[in-house]
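In what follows, a single structure is set out as structure tokens and then discussed.
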Amino acid sequence: MKNEPDLICFSHLRWNFVFQRPNHLMSSCSSERRVFFFEEPVIEQGPPKLAVREASPNLYVATPRLSAQHDMVQGQRKALRELCERYDIEAPITWFYTPMALEFSRDMLSALTVYDCMDELSAFHGAPPQLRELERELFARADLVFTGGKSLFEAKRHLNPNVYLFPSSVDVAHFARARAKAHDPDDQARIPGPRLGFFGVIDERMDLALIEGVASARPDWQLLMLGPVIKIDQELLPRRPNIHYLGQKHYEQLPSYLSGWQVALMPFALNESTRFISPTKTLEYLAGGVPVVSTPIADVVNTYADRGLVRIAGDVASFVSAVEQTLAEGGLGQKLEQVDAFIAGTSWANTWSNMSLLINQSLATIESKVA
């Protein structure tokens, strides 16, 4: 394994945030080579330092700790240099989730540059103004580009000769545990049914008016919202007796919550921040055997609704109607066999295996040119 180049992953998402695409892929990668997950700085008082911990065998989380008085770019550059010196990292594979990391890493010698473009970050609330220009630079530098959904692939495929579509996947066995109707978690057990649930990040991508409208139209339904609230004012969240914010849950806990829902929700707003999203939770809900009602997100419509696997509704009235139809059916029923056929063979391990093949081919090509 030591003959394989190490990999440094630059991420705008923290390792201990919602367990999602970067966590799954980097965990798989760590079976082949050392992985260093380089987080954005934590701002705190005191002298600058680099905190490194081993999250799992061969996978290290590196977090620069800087004070507000420090130059952030220079501080991260020094932290990256320290990381490489401390762990004897030479010419690693550099893997980007955020183009912003180019500001402090562009001079680094790397064996291969990979951009895993999982979102249109420039469309998110509070995106730095220089992000678009840095992404153009990253597309020009990248040896490989992966995209997390079809819409994103179509939007980015012309920007680099080596752009590949790798939709987010699912740990089928993990979420299939929800079908066994596991023990109801204490904070959910006290809530009566029918339960309509969502898990994920609650941010500007949520259609808060839709959530409030559905809750108002059917006060006998219970809406359960699981996940951290970020980038939006907590005061703006709809508050009704039948809307329950249960906070962020560990990835291991999600099947237990999912098993107690009658309908899984994807109440995304239709705006710039959701134009290219391809929600991983669609597959997670379906693997758990729970029927899904979603707003008309393009990748959800094209990938799932057109196959009859997900119901689509664009406003309060149609959303209420779609949930009513779903509840009347009492679950996925006959669609379960179709769902299982669709997700058969789908796994993060397979996704990583195909990515790894492209990485190794690219490394071999580069080595042959040097030779």
Side-chain angles (χ1 to χ4, degrees), residues 7 18-33 35 56 59 95 97 114 116-119 144-154 156-157 162-182 199-200 251-252 254-256 258-259 261 264 266 276-294 297-312 331-362:
L7 184 147
V18 175
F19 200 89
Q20 51 190 300
R21 182 183 178 101
N23 306 75
H24 285 290
L25 293 177
M26 292 302 102
S27 295
S28 294
C29 180
S30 67
S31 67
E32 301 175 3
R33 64 187 83 243
V35 174
S56 60
L59 195 155
W95 180 294
Y97 280 108
V114 181
D116 189 17
C117 184
M118 60 181 280
D119 283 307
L144 290 170
V145 177
F146 304 141
T147 68
K150 186 176 180 181
S151 296
L152 207 51
F153 174 74
E154 295 298 337
K156 305 293 187 180
R157 63 188 304 180
N162 299 303
V163 181
Y164 298 88
L165 171 60
F166 279 102
S168 286
S169 191
V170 63
D171 183 343
V172 175
H174 178 69
F175 285 96
R177 288 161 42 198
R179 302 186 186 191
K181 301 303 175 188
F199 58 64
Y251 181 73
E252 289 300 318
L254 295 181
S256 295
L258 186 58
S259 70
W261 300 354
M266 295 205 299
F276 298 110
I277 65 170
S278 185
T280 305
K281 61 182 56 59
T282 320
L283 282 171
E284 294 170 344
Y285 290 158
L286 292 174
V290 180
V292 182
V293 177
S294 173
I297 297 299
D299 277 10
V300 177
V301 173
N302 297 333
T303 307
Y304 305 99
D306 287 351
R307 292 177 169 85
L309 302 178
V310 170
R311 276 199 168 92
I312 299 295
L332 283 171
Q334 295 180 344
K335 291 182 182 178
L336 192 58
E337 185 175 339
Q338 186 183 356
V339 164
D340 287 345
F342 181 80
I343 62 178
T346 301
S347 72
W348 286 109
N350 286 347
T351 299
W352 173 253
S353 178
N354 291 324
M355 286 179 167
S356 182
L357 181 63
L358 289 169
I359 288 169
N360 290 328
Q361 289 174 345
S362 296

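Heads up: numbering here begins at 1 and tracks the sequence.
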| field | side-chain contact (heavy atoms from CB on, under 4.5 Å) partners of T303, counting only residues at least two apart | value | R307, F342
| Closest contact, heavy atoms only, T351 versus P167 | OG1-O, 4.4 Å
| field | Option among L286, L283, L309 that satisfies the side-chain contact (heavy atoms from CB on, under 4.5 Å) test with V292 | value | L286
| note | In this structure, OG of S168 is separated from CH2 of W348 (nearest 0.5 Å) by 4.0 Å
| query | With sequence neighbours excluded, what pairs up with Y164 under the ring pair (Phe, Tyr, Trp, His ring centres under 6.0 Å) test? | reply | none
| query | Are side-chain heavy atoms of V301 and D306 found at a separation under 4.5 Å? | reply | yes
| said: Quick one, S278 and K150 - any side-chain contact, counting heavy atoms below 4.5 Å? | reply: no
| note | Here the salt bridge (Lys or Arg N to Asp or Glu O under 4.0 Å) pairs for residues 168-177, sequence neighbours left out, are R177-E252
| task | Under the side-chain contact (heavy atoms from CB on, under 4.5 Å) rule, what do F146 and M118 come out as? Steps first, then yes or no, please. | result | CA-CA 8 Å; F146 304 141; M118 60 181 280; over 6 Å; no
| said: On a heavy-atom basis, which atom in A349 and which in S28 lie closest, and how many Å separate them? | reply: CA-OG, 4.5 Å
| query | With sequence neighbours excluded, what pairs up with Y97 under the side-chain hydrogen bond (donor to acceptor under 3.5 Å, both in side chains) test? | reply | W95, D116
| field | Set of side-chain contact (heavy atoms from CB on, under 4.5 Å) partners for V172, sequence neighbours left out | value | V170, I343
| Nearest-0.5 Å distance, CH2 of residue W352 to OG of residue S169 | 14.0 Å
| remark: In terms of heavy-atom contacts, A178 and P255 come closest through CB-O, 3.4 Å
| note | Separation between CD1 (I359) and CG (L7), nearest 0.5 Å, reads 7.0 Å
| field | Distance (rounded to the nearest 0.5 Å) between L152 CG and I277 CD1 | value | 11.0 Å
| said: What I'd like to find out is whether the side chain of Q20 reaches to under 4.5 Å of the side chain of Y251, using heavy atoms alone. | reply: no
| Contact list for residues 281-294, test side-chain hydrogen bond (donor to acceptor under 3.5 Å, both in side chains), sequence neighbours left out | none
| message | Ignoring hydrogens, what is the shortest heavy-atom contact between V300 and P279? Give both atom names and the distance. | response | CG2-CD, 3.8 Å
| request: For this output row, return yes or no: ring centroids of F276 and F153 closer than 6.0 angstrom. | output: no
| remark: By side-chain contact (heavy atoms from CB on, under 4.5 Å), N354 pairs with (sequence neighbours left out) F166
| field | With N360 via side-chain contact (heavy atoms from CB on, under 4.5 Å) - residues at least two apart | value | E4, R33, S356, L363
| note | For L59 and M26 the tightest heavy-atom approach is CD1-O, 3.5 Å
| Looking only at atom types and distance, does a side-chain atom of S347 sit under 3.5 Å from a main-chain N or O of N350, one as donor and one as acceptor? | yes
| said: Please enumerate all residues that pass side-chain hydrogen bond (donor to acceptor under 3.5 Å, both in side chains) together with Q361, with sequence neighbours excluded. | reply: none
| query | salt bridge (Lys or Arg N to Asp or Glu O under 4.0 Å): which pairs involve residues 332-344, sequence neighbours left out? | reply | R179-D340
| message | Applying side-chain hydrogen bond (donor to acceptor under 3.5 Å, both in side chains), can you list everything that pairs with T346, at least two apart in sequence or on another chain? | response | none
| query | Taking the six-membered ring for Trp, are F199 and W261 parallel (under 30°), tilted (30 to 60°) or perpendicular (over 60°)? | reply | tilted
| query | Under 4.5 Å between any side-chain heavy atoms of M355 and L25, yes or no? | reply | yes
| remark: Between L332 and P291 the two heavy atoms that sit nearest each other are CD2-CA, 3.7 Å
| said: Restricting to side-chain hydrogen bond (donor to acceptor under 3.5 Å, both in side chains), what partner residues turn up for S259, sequence neighbours left out? | reply: none
| task | Examine distances only and state if a side-chain atom of N302 and a backbone atom of D299 form a donor-acceptor pair shorter than 3.5 Å. | result | no
